[in-house]
Amino acid sequence: MQPQSRRLPKAVAALATFVLAAFFLPLLAQAATPADAVYLGGNIRTLDASDRSVQAVAVVGGRILAVGTDEAIRQHVGPKTRVVDLNGATVMPGIIDAHGHYVRGALRGLFSCVLSPQTPVDDIAPKVRECAQKVGPGEWVSGGGWANGYIGTGKIHRSQLDAVSPDNPVYLLDDSGQVAYVNSKALAILDLTRETAATREHVLKDASGEPNGLLTLEAASQALSRIPPLASEKYEAAVRWSAQEANRFGITTFAEARADRRTVEAFVVVDRAGQLSANVATFLMYDTEFNETQAVQEETVRNRAQYRTAHVYTDFVKLYLDGVPITYSGALLEPYEHDDSHPADFRGQLRMKPERIQQDLAEMDRMGITVKMHATGDASVRAGLDAIETARKANPSGQLPHQIAHVGLVAPSDLVRFKQLRAVADIAPPIWIPGPYSKAVVATIGQARYERYVPTADLLHAGALVAYGSDWPAVAASFNPWPHLESLVDRSIGPAQRIPLRDAVATMTIGAATALRLEQKVGSIEVGKSADMVVLDRDPFQVPVSQIGGTRVQLTIFEGREVYRQDGSGAQAK
């Protein structure tokens, strides 16, 4: 008789297999996966669901391989691994700006006549004189950024521009992006005379009925379409500058919140050349002839797939439901503060009919396109929510994060609808930071309503998903997110709307990532996500709130590549 072979009982064998799989095989796998780079000795705030902090992170192939203790991450050090000692520095996920006008701002700063909102009103004409001397005969002097609050000073009139630029047409957009200041030469080119402007409400007139040089909304956009476009090379330079400056502030993903075709094409060219160091969600212009026709916009939306690249996302559209309160063009539920130029019960009006908004949004939702709706008044916010509700009913399984941008005023009864409808509140802190813009808003809607203008705390308490946006260069002097973060936590105008720091940071990370449909890729430091990280000179969670705005970026990492490094930063490669 042959001796029986010894066999473990099935239960014991199964247990042994489980132990091997659970403990030994992961160790073997880890040992077999050397990282491209490891970052050790840091205070790494992952901002994941558990909100944990770790010491180290390993990166391979542009993605996060592992996070944990220094000891655990050292297992991923291979012969070619770059080891970086963070020297205790704080690390966060790359910042995400869900609403900016980067290319518009860059084109203005690089190639046009720059007038920031801080430019004194008396300095506008002298600056235009300088700009006019730098262009050729008959060429347009364009640019802007001047403070809309100057309109009521009596010093904004075409005659000021005529005196310094009599032979060159001038077009200067204000900080709200809704009002243009032009001279007589431009008015003549646009055929805006006393007679032709008489019935056009968006062409402002002086006491004698003559156009005074101020154009709002449609008139401003139609005028812009008459200015010869810049060369494609300048658009591409603006894209490269935008990404580089974004990286300098720790931004690794941003939204181009109103993108015409030439802007989208520039992003594509730069990315295909390997020069775009950020993810970009392009919100394609639609139903607003700002500088291209509706036919062109519709064609771009139809053909949006051809503009997608590794870092350029095109399943987004921008609608404008109203204007802004400072020009009495925001749509309100209650009347504006009374002034002599408007009826006592004036509430503004929607730019689009409610039926059209609902039709457009439902169609875009069906096409898989996320819609961002500019809405500053509580009437326009309600119209936007009604449109999202219509889309949800038409497509009950739809999950697209449609957005209400700015959400300046929100009726209390509409707050809960954000969560119910899975609508995103897209907020821009510069709107409530004290300055010329805030003073202008108070003048039109009053101090009481302005205290709740952009009700961040109310929205969060109601369960809304809130996403941060700089809205640069409209209102914002910079897209530096750190002063904006401080203002979310320590808001001086409307202090009841302050929010906790952790919630504020979330608007700039996972909240904004979700709004841009990139939450599976960016927004937190987690295994499998893109290695987008920012190394800071301080821990925002440990310093006084008043010091958050002064945060400086030492190192920005995009897809595992160091795309910005401050001279003398603490992180050192070994």
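Hydrogens, waters and symmetry mates play no part in the numbers below; they use all other heavy atoms, side chains included.
- Under the 6.0 Å cut-off for aromatic ring centres, Trp432 and Tyr453 do not qualify, their centroids lying 6.0 Å or more apart.
- In this pair, Phe479 and Trp241 present their aromatic rings perpendicular. The plane angle is above 60°, beyond the 30 to 60° band.
- Between Trp146 and Tyr181, the ring planes lie perpendicular to each other; the angle is over 60°, past the 30° to 60° tilted range.
- Sorted by first then second residue, the salt bridge (Lys or Arg N to Asp or Glu O under 4.0 Å) pairs that include residues 495-514, not counting sequence neighbours, are Asp51-Arg502, Asp490-Arg498.
- His338 NE2: more than 12 foreign heavy atoms inside a 6.0 Å radius.
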Does the side chain to side chain donor-acceptor pair (under 3.5 Å) test come out yes or no for Asp97 and Tyr102, once each step is laid out?
CA-CA 10 Å; Asp97 183 347; Tyr102 282 64; 2.7 Å; yes
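- Checked options Asn279, Thr370, Val280; the residue passing with Tyr313 is Asn279 (criterion: side-chain contact (heavy atoms from CB on, under 4.5 Å)).
- Rounding to the nearest 0.5 Å gives a distance of 8.0 Å between OG of Ser380 and CG of Leu332.
- In this structure, a donor-acceptor pair under 3.5 Å is present between the side chains of Thr216 and His202.
- For the pair Lys372 and Phe283, the cation sits on the ring face: its NZ or CZ lies under 6.0 Å from the ring centre, inside 45° of the axis.
- Inspection of the Tyr320 and Arg258 side chains reveals an N or O donor paired with an N or O acceptor under 3.5 Å.
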When you look at Tyr468 and His484, which way does the side chain to side chain donor-acceptor pair (under 3.5 Å) test go after all the steps?
CA-CA 9 Å; Tyr468 157 79; His484 301 165; 2.7 Å; yes
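- Between the side chains of Asp471 and His101, at least one donor N or O lies within less than 3.5 Å of an accepting N or O.
- Glu451 and Gln447 form a side-chain donor-acceptor contact under 3.5 Å, judged by distance and modelled atom types alone.
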